[in-house]
Amino acid sequence: MSILRRLGLAVALMMTLAMQARGERAAVSDSEMQQGLLEMLARFSEYMVGIWQPCQEPNGVGETCGAFRANSALQSNEDGVRTNADLSMVSAFLVRYAQGRVGLPAGITWTQLDSMAIRSLRFAYSTHKAVRLKRCADGRYWGSTSAKDRQWESSLWAMSVAYSAFFQWQRLTPDERDCVHRLLRAECQYELERDVPTGYEGDTKAEENGWEACVLAAALGLFPDDEQAPQWFERLRLFAINSYSHPADATDTTVVDPDYDGQRVCDLYRGSNLYDDYTLQNHNYFHTSYQNVVIQELGEAALALALMQQNPQQRQPILSAELPSPRWHTRALTHNCQPVMDHVLKWLAQPDGELAMPNGNDWSMWLYDQLTSYTTMACLLGDRDALMLERQAYAQIRRRQLTTPDGSWLLRSDIGPRRMGVQAHRVMMTWLMHEQWPTAQLRPTSWRRFARRHREARTIVRQHIVRSLTKRAFSCFSFSHGLRSYTGYIAPNSDPNLVVPYKVHNTGNIIGFYEIEGRRTNARLVRQDDFRVEGSEWTASGLLIENDSALERRFSIHAMADGALVYTDTVRALTDLTVLCDKTGLLAISTDPFTATERTLRHADGAVSVSGDTLTTLRTPHLSIDGHLTVTVREGGGTMAFADRRNVNSVMTSLLYPCYDARPRPYKNGELVARHHIVYSAN
């Protein structure tokens with residue numbers, strides 16, 4: 001893609017985002033978005049070609065093979081198998097659906113993609129335990145065949161293999177189809193033998209049950225007449241109901257599929273994977289990516305049932321919402337998706353389609369990885385809010401892809417090609433869902449109306465989180481009790497990517513931290529006061545013991561109706577100590593090609609453009625960041641600093657220290673160290 005064309009697309013997308021921030025509805029139709037999705041995937045083919053690796057030796061029956069290299073190139077673990085399966089699926093999708101609709105990058109041909117698609121599929125099924133025609137690079141096979149011979153997450157990878165086979169079905173030989181059948185039968189046999197896991201504290205099984213449903217749906221779609229199909233269908237419904245399983249399901253007598261049998265929700269319920277407020281935890285804290293991804297998984301399972309159940313001899317991917325219902329279909333695949341959306345996700349939505357991350361994230365940030373969850377809600381359940389958020393997330397994914405030279409989705413991926421494959425997977429599924437279930441007659445909500453409905457301050461009780469959304473900004477704070485951290489942030493609606501969700505030393509944004517001579521930097525929560533909520537205002541307060549019990553900090557954070565966030569605290573010494581640096585009130589500011597590599601800091605004496613690569617100090621109590629956010633220190637400051645640029649979850653980030661004092665200062669036990677009063681105000 002030429003530099004001028006790339007610049008033009010970037011400008012157009014920035015204009016779209018600006019319209020959305022003003023509450024206007026961008027006129028992006030189904031067909032326009034689908035065309036854009038295909039163009040994004042076509043551009044991504046350059047990245048796929050760059051990591052393609054042919055196998056020197058064929059499989060056991062003489063078929064040529066190859067695979068897409070991950071960090072664990074061609075190995076039997078998640079990194080190796082999942083990456084290859086996802087990219088095999090995506091390359092096969094492009095060959096099947098994109099030819100004649102989009103062009104490919106210079107030097108790449110459809111024949112090349114076609115060859116990669118079939119050879120990577122052969123590698124995927126040949127290296128499975130149920131087929132054993134070729135070993136992975138580590139000398140092992142991958143997959144699950146029974147409860148006694150299983151591999152974590154293999155069903156998720158097998159689902160991508162099934163989709164790749166479906167896209168190429170007409171070209172597969174009977175023997176190749178049989179290999180795919182054996183692979184899926186083995187994975188489903190494991191599903192029939194295993195328990196259905198539940199539990200919501202720290203490590204929910206919602207996502208895992210969702211991907212188990214996916215492989216069962218893919219097997220039913222490709223092989224609906226298999227003798228075990230009825231058992232697969234029973235298991236599919238069981239895993240689906242116990243993905244977003246809620247305590248109320250235990251007494252829910254709703255019949256799941258009245259046209260099939262009399263099984264009720266309570267009959268299938270095995271235990272809760274959600275808290276009673278519809279939230280969940282994974283990786284030991286409230287994680288918005290895991291909160292939403294189950295909707296995507298259940299949507300992909302529903303898509304497999306609707307898309308794949310054609311004549312197995314012809315297997316044409318006929319896409320039409322007017323086709324008669326397939327043999328296998330179930331309402332279990334939308335179970336509790338709407339309550340999760342309405343009670344949790346919509347209250348964390350941002351103007352750009354991102355979901356707020358009150359506790360930060362532990363993988364690449366700003367992926368807009370909820371894209372296909374929004375798509376599922378819009379296409380399957382007719383959710384107008386989800387359709388609006390989907391279009392915004394789509395625009396941001398497209399804009400971020402323009403920052404890379406090779407069509408990859410982002411710079412500095414946390415796990416390399418595996419993250420690229422997962423993101424391409426989502427983009428592809430969004431296209432397929434809109435092709436299967438068009439939303440042309442569904443009008444998206446405007447951001448302005450959506451924001452008005454979600455403007456009140458609200459607590460997410462089970463996760464100790466408070467949030468609000470005003471005309472100017474979103475703000476939140478979290479007392480995370482699992483992976484302990486006490487942090488929050490303010491995101492101006494005019495630039496929701498200005499402030500990066502950031503935690504460090506058990507605190508992070510807003511509270512910041514101290515550096516004390518001879519002491520580690522940390523924080524321990526002693527008292528958490530009840531959140532106070534009124535209208536669009538909220539207050540969070542508590543008591544922290546910091547720096548190995550050297551400091552006591554009593555703090556309060558108040559979000560105001562006009563969008564401002566006010567922080568105050570009192571800090572006292574708990575022992576004789578020497579303060580080396582005060583970094584109270586910090587904000588992590590993005591300085592990334594996706595946003596802006598430099599920020600303009602305006603203050604009373606002028607303005608300076610800074611990146612944070614070197615320390616910049618300003619003697620000022622007040623500054624504005626690019627005109628989107630102002631920071632005013634009313635007590636406890638005098639010098640602000642901007643520094644410490646680093647990669648934070650794939651986003652280059654610099655730290656603003658509103659109260660920066662690096663002078664060594666001794667204090668006695670019980671002595672007042674500082675009082676701080678800081679105001680953060682959007683626009």
Contacts of Asn669 meeting side chain to side chain donor-acceptor pair (under 3.5 Å) (sequence neighbours excluded), chain-then-number -> none
For Ser485, the side-chain contact (heavy atoms from CB on, under 4.5 Å) test, sequence neighbours excluded, returns Asn359, Ser480, Thr487, Lys503
>> What I want to find out is whether Glu207 reaches Lys205 closely enough, with some N-O distance under 4.0 Å, to be called a salt bridge.
In response: no
### Message
So does Ser289 get a backbone contact from the side chain of Asn292, meaning a donor-acceptor N/O pair under 3.5 Å?
### Response
yes
- prompt: So, Arg599 versus Ser590: side-chain donor-acceptor pair below 3.5 Å or not?
  reply: yes
Residue pairs meeting ring-ring contact (aromatic ring centres under 6.0 Å, His included), one or both in residues 495-528, sequence neighbours left out, come to His505-Phe513
So do the side chains of Tyr200 and Gln281 get within less than 4.5 Å of each other, counting heavy atoms only? no
* When you look at CZ of Arg384, are more than 12 heavy atoms from neighbouring residues, nucleotides or ligands closer to it than 6.0 Å? -> yes
- Item | Face-on cation placement of Arg399 at Phe594 ring, 6.0 Å and 45° thresholds | yes
Across all chains, not counting sequence neighbours, the side-chain contact (heavy atoms from CB on, under 4.5 Å) partners of Ala641 are Leu615, Thr617, Tyr657, Tyr660
Those residues at least two apart in sequence (or on a different chain) that pass side-chain contact (heavy atoms from CB on, under 4.5 Å) with Phe479 are His464, Phe477, His481, Tyr486, Leu525, Gln528, Phe531, Ala540, Phe555
No-hydrogen, no-angle side-chain donor-acceptor test under 3.5 Å, His283 and Asp362: yes
N-O pairing of Lys583 and Glu515 below 4.0 Å: yes
d(Leu656 CG, Leu498 CG) to nearest 0.5 Å is 9.5 Å
Is there a donor-acceptor pair closer than 3.5 Å between any side-chain N or O of Arg646 and the backbone N or O of Asp644? yes
Ring pair (Phe, Tyr, Trp, His ring centres under 6.0 Å) filter on His343, not counting sequence neighbours, yields Tyr278
Review point. Which of parallel (below 30°), tilted (30 to 60°) and perpendicular (above 60°) describes His287 and Tyr285?
Key: tilted
Could you go step by step and tell me if Leu345 and Gln370 meet the side-chain contact (heavy atoms from CB on, under 4.5 Å) rule? CA-CA 10 Å; Leu345 298 179; Gln370 61 276 8; over 6 Å; no
Thr639 meets the side chain to side chain donor-acceptor pair (under 3.5 Å) criterion, sequence neighbours left out, with Arg619
With Trp366 as partner, the option from Asn649, Val500, Asn361 fulfilling side-chain contact (heavy atoms from CB on, under 4.5 Å) is Val500
Output for pair (Asn71 CG, Arg418 CZ), nearest 0.5 Å, gives 8.0 Å
Is it the case that the side chains of Thr375 and Glu390 hold a donor-acceptor pair, with the cut-off being a distance below 3.5 Å and no angle test? yes
Review item, side-chain donor-acceptor pairs of residues 560-568, under 3.5 Å, at least two apart:
{"unit_1": "Asp562", "atom_1": "OD1", "unit_2": "Ala564", "atom_2": "N", "d": "3.0"}
{"unit_1": "Tyr567", "atom_1": "OH", "unit_2": "Arg553", "atom_2": "NH1", "d": "3.2"}
{"unit_1": "Tyr567", "atom_1": "OH", "unit_2": "Asp569", "atom_2": "OD2", "d": "2.5"}

For residues 598-635, the ring-ring contact (aromatic ring centres under 6.0 Å, His included) pairs (sequence neighbours left out) are none
Taken in chain and number order and not counting sequence neighbours, the residues that satisfy side-chain contact (heavy atoms from CB on, under 4.5 Å) with Thr575 are Arg519, Ala550, Leu577
Inset, instruction - Using only heavy-atom distances, determine whether the side chains of Arg645 and Thr591 contain a donor-acceptor pair under 3.5 Å. - result: yes
Taken to the nearest 0.5 Å, the spacing of Lys668 NZ from Asp576 CG works out to 4.5 Å
Value for CG (Asp495) from CD1 (Ile625), rounded to nearest 0.5 Å, stands at 10.0 Å
Student check: side-chain heavy atoms of Thr620 and Asp605 closer than 4.5 Å = no
**Item:** Ion pair Asp383/Lys346, N-O distance below 4.0 Å
**Value:** yes
Does Glu671 pair with Arg572 as a salt bridge, N-O distance under 4.0 Å?
no
Q) Does atom CZ of Arg665 have more than 12 heavy-atom neighbours from other groups under 6.0 Å away? A) yes
Side-chain donor-acceptor pair present, Asn497, Asp352, cut-off under 3.5 Å: yes
The side chain to side chain donor-acceptor pair (under 3.5 Å) partners of Arg458 (sequence neighbours excluded) come to none
The side chain to side chain donor-acceptor pair (under 3.5 Å) partners of Ser541 (sequence neighbours excluded) come to Asp529
